[in-house]
Each structure stands twice: as C-alpha cells, then as structure tokens.
Amino acid sequence: MDYNITRFSQEQLHKLQHDVQMYATYTNGLPQSHSEVYMKKGWLLAFLYSYDSLLWGRWDYWMDIVGKGTIQGSGPIPQIDWSSKGQAGVTQTLKMFEQCLDHPESTIYTFAEWLLWSLNTHEIKELTISKELNEHYYRKFDLFQVLDHPFDYLSEALMNETGKGYHSGLGYYPTPLSLTQLMATLTYGGKNAEDYKKQTAYDPCVGCGALLLPASNYYLRAYAQDISLIATQLCKIQFLFYAPWFACPANVKGFDEESEPIKLSISPDLQGEGQFAFNFEELMEEINQNDKSYV
C-alpha cells in the first residue's frame, strides 16, 4: 500500500511517532506481537488518536471541547472530505476489508468483536476468537487506510457478508454514502454552522451510520437506533473512526436545552428483541473512572 508519506513534513512524521508512543502509555501499551492483543484491550486507540491528529484533527477537537466542558468558542467542526466509491484509495481499502474477512473462521461478528476489543469498548469483556483468527486480523487490518480514505466501509462489509450462505435472506441494503452526503449538503449546507452545532440529529434506522457520518460535519450530537445488533456495533466502530462526538459524548454545555445527550451503546435489556438503541453511558463511566484511557 502506497501511503504517499511525501505529503507530510518531517515534523509531522516525527510528531506522529511521538504521539503513538505517548498515547500507548495511556491505553494499555502496544502489543509487541499478535499474541499480546488478548492482553492489550484498547491497543488500537493509540493509532486512532495519532492518525486522526495527522489527518483530520477530530479527536483533538472533541477532547478539547470535553476538557473545556462547553462547545462555546470551539470553532468550526473539522470537516471530513468523504471519499467516493471507485476512487483508488477506497478500492484498495475495500480490498483490505475483504482480506480481513477472507479466513475460514472469520465472520462479520468475529471481526466486529476484534475491532470492539481493540478500540476498548465496554461490550467486549474478553476476546474469544482463536489465536489464528486474531493473528489474521492483526496482520491484515490497516487503520491508516481507513482514516486516510474515509468511507462507509462497514456498511459495504455487512452488505457483502449478509449476502452469503445462511445470511443471504437478511438483505442488508445500506443507503450509498454519495446519496447521504448529498442529503447532508442539501439539508445543512449554506446555513449557520454554529446553530447546527447546538442541535441534535436523529436517525431511527441508523444501520452502520451512513446518514450520520456526513452529518458529523454539521452536528456534535445525535440519537440513533436500529433493529440489527451487528449494524449498531459496526456503527459504533465507524463513529470511533470518524465521529468521536457521536461515539464518546460527554457532559458538555452549549447544546440546545431541549436536546438530550446521545446514547450510543447497546442497552442490555434490549438485546432480546425489537430495536437496539445506542447508549454510551457505560463507556463514559469507564472513561470518567480512568481518564488515562481517553486522552
């Protein structure tokens, strides 16, 4: 994979290396081999924070807001320039995801478990996949590609996986990102950006987040729910990649009073049937108890 590192200055690359090591000291350290992944829950966060700081600055922006306790005076939301299907970088990254899922033991569920573990989400208490599958994911998954060419990758992955074998009847058909980008532009473009930052978006059929991903260029808070447990898990992962304010909301001021904070984790009492609602409250309790997990 050509990362085109010549576009970055030496100072940026040195900072990237420093940031990875710095964040690693707060996120349980980096695994020295694939076998240490089982003992290093959240190890991928050091790379997520560092890569995002180099490319988009969204985690830095949100953590600054959380530190100040208000969205007032936070400045414009860092805009993600979403990539399009068919672009070389997206095509290569889609192939990377296909390679991750191309293993006899791999399913979209095991892949989600591995990513949720590596990103330190509270649902996964223990990584249960085999050593062989863990090594496969560890060697194949490339987070930099995902961040460098932002796209709705996990919708594509879920769509492809639900079309196989006994999943073929599930029929997961996500709204194309190009269409949701257009919807976002028509709805929010050209209006007062500061007013939208104070409001709350809502998606009753969120899937893997195709509609809210473009909306993250305008909103700092959202509600979401879906009937599919795996879709909401993948949605959470993509919010961690691209929209930290949706993934890790905090008790900050400045939003419209009638709006309530986003709830973004799977509520245990909803896992039997019906809608799976997001509720990130338990994750935020973990963050508050151990600030070092999220710098």
Side-chain angles (χ1 to χ4, degrees), residues 52 55-59 61-62 65 71-91 93-94 146-160 171-228 231-232 234-249 252 254-264 275-278 280:
D52 176 74
L55 295 167
W56 305 109
R58 288 196 149 200
W59 275 100
Y61 176 81
W62 181 238
I65 288 176
I71 65 173
Q72 298 291 340
S74 56
I77 296 174
Q79 299 290 288
I80 280 188
D81 184 14
W82 298 98
S83 301
S84 301
K85 194 171 184 179
Q87 291 182 345
V90 172
T91 300
T93 309
L94 284 171
V146 177
L147 296 183
D148 198 22
H149 308 286
F151 185 72
D152 187 15
Y153 293 107
L154 293 180
S155 282
E156 293 283 328
L158 183 58
M159 178 179 65
N160 293 335
Y172 181 76
Y173 302 106
T175 306
L177 186 62
S178 57
L179 179 57
T180 61
Q181 284 182 264
L182 177 61
M183 294 168 64
T185 301
L186 293 176
T187 303
Y188 321 117
K191 299 182 181 179
N192 191 328
E194 288 300 312
D195 288 341
Y196 277 113
K197 282 170 57 178
K198 301 175 184 178
Q199 298 176 10
T200 303
Y202 172 63
D203 188 348
C205 304
V206 70
C208 297
L211 186 59
L212 288 183
L213 289 174
S216 69
N217 277 344
Y218 306 95
Y219 288 113
L220 289 175
R221 188 162 59 176
Y223 293 107
Q225 64 186 55
D226 199 276
I227 198 170
S228 169
T232 54
L234 296 175
C235 183
K236 178 187 295 187
I237 292 167
Q238 296 209 116
F239 285 167
L240 286 165
F241 290 161
Y242 302 124
W245 34 90
F246 293 168
C248 295
V252 298
F255 292 103
D256 287 348
E257 291 299 325
E258 64 270 18
S259 300
E260 297 180 4
I262 187 174
K263 297 180 178 181
L264 279 184
Q275 294 286 315
F276 293 97
F278 282 118
F280 239 107

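These numbers come from the heavy atoms of this one structure, side chains and all, not from hydrogens, waters or symmetry mates. Sequence positions, counted from 1, serve as the residue numbers for this chain.
Contact check for L240 versus C248: side-chain heavy atoms found under the 4.5 Å cut-off. Looking at heavy atoms from C-beta onward, D256 lies out of side-chain contact with T200 at the 4.5 angstrom threshold.
When all heavy atoms of S84 and V90 are compared, the pair lying nearest together is O-CG2, 3.5 Å. Across all their heavy atoms, P150 and L147 have their closest contact at CD-O, 3.5 Å. Between I71 and G254, the closest heavy-atom pair is CD1-O, 3.4 Å. Across all non-hydrogen atoms, the minimal contact from F255 to R221 is CB-NH2, 2.8 Å.
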- Query: Stepwise, does the side-chain contact (heavy atoms from CB on, under 4.5 Å) test hold for E194 with Q72?
  - Reply: CA-CA 9 Å; E194 288 300 312; Q72 298 291 340; 6.0 Å; no
- Message: Run the side-chain contact (heavy atoms from CB on, under 4.5 Å) test on D226 and C208 for me, step by step, so that the C-alpha distance in whole Å, both residues' side-chain angles and the decisive distance to 0.1 Å come before the verdict.
- Response: CA-CA 9 Å; D226 199 276; C208 297; over 6 Å; no
- Task: Apply side-chain contact (heavy atoms from CB on, under 4.5 Å) to the pair I77 and Y218, showing each step before the final yes or no.
- Result: CA-CA 7 Å; I77 296 174; Y218 306 95; 5.6 Å; no
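Ring centroids of Y242 and W56 are separated by 6.0 Å or more, keeping the two rings apart.
If you take SG on C235 and CG on L211, they are separated by 10.5 Å, rounding to the nearest 0.5 Å. Between the CG atom in L177 and the OG atom in S83 there is a gap of 9.0 Å [rounded to 0.5 Å]. Note that the CG atom of N217 and the CZ atom of R58 stand 5.0 Å from one another [nearest 0.5 Å]. Interatomic distance, CH2 of W59 versus CH2 of W245, reported as 10.0 Å (0.5 Å rounding). Annotation: the span from F239 atom CZ to L154 atom CG amounts to 11.5 Å, rounded to 0.5 Å. To the nearest 0.5 Å, atoms CG (L220) and CH2 (W62) are separated by 6.0 Å.
Screening residues 71-89 for salt bridge (Lys or Arg N to Asp or Glu O under 4.0 Å), with sequence neighbours left out, gives K85-E156.
Residues that satisfy the side-chain hydrogen bond (donor to acceptor under 3.5 Å, both in side chains) test with Q181, not counting sequence neighbours, are absent from this structure. For T175, the side-chain contact (heavy atoms from CB on, under 4.5 Å) partners at least two apart in sequence or on another chain are L179, T180.
S74 and Y61 share a donor-acceptor pair across their side chains, judged by distance under 3.5 Å alone.
Under the 3.5 Å distance criterion, the side-chain polar atoms of Q199 are left unmatched by any main-chain donor or acceptor of Y219.
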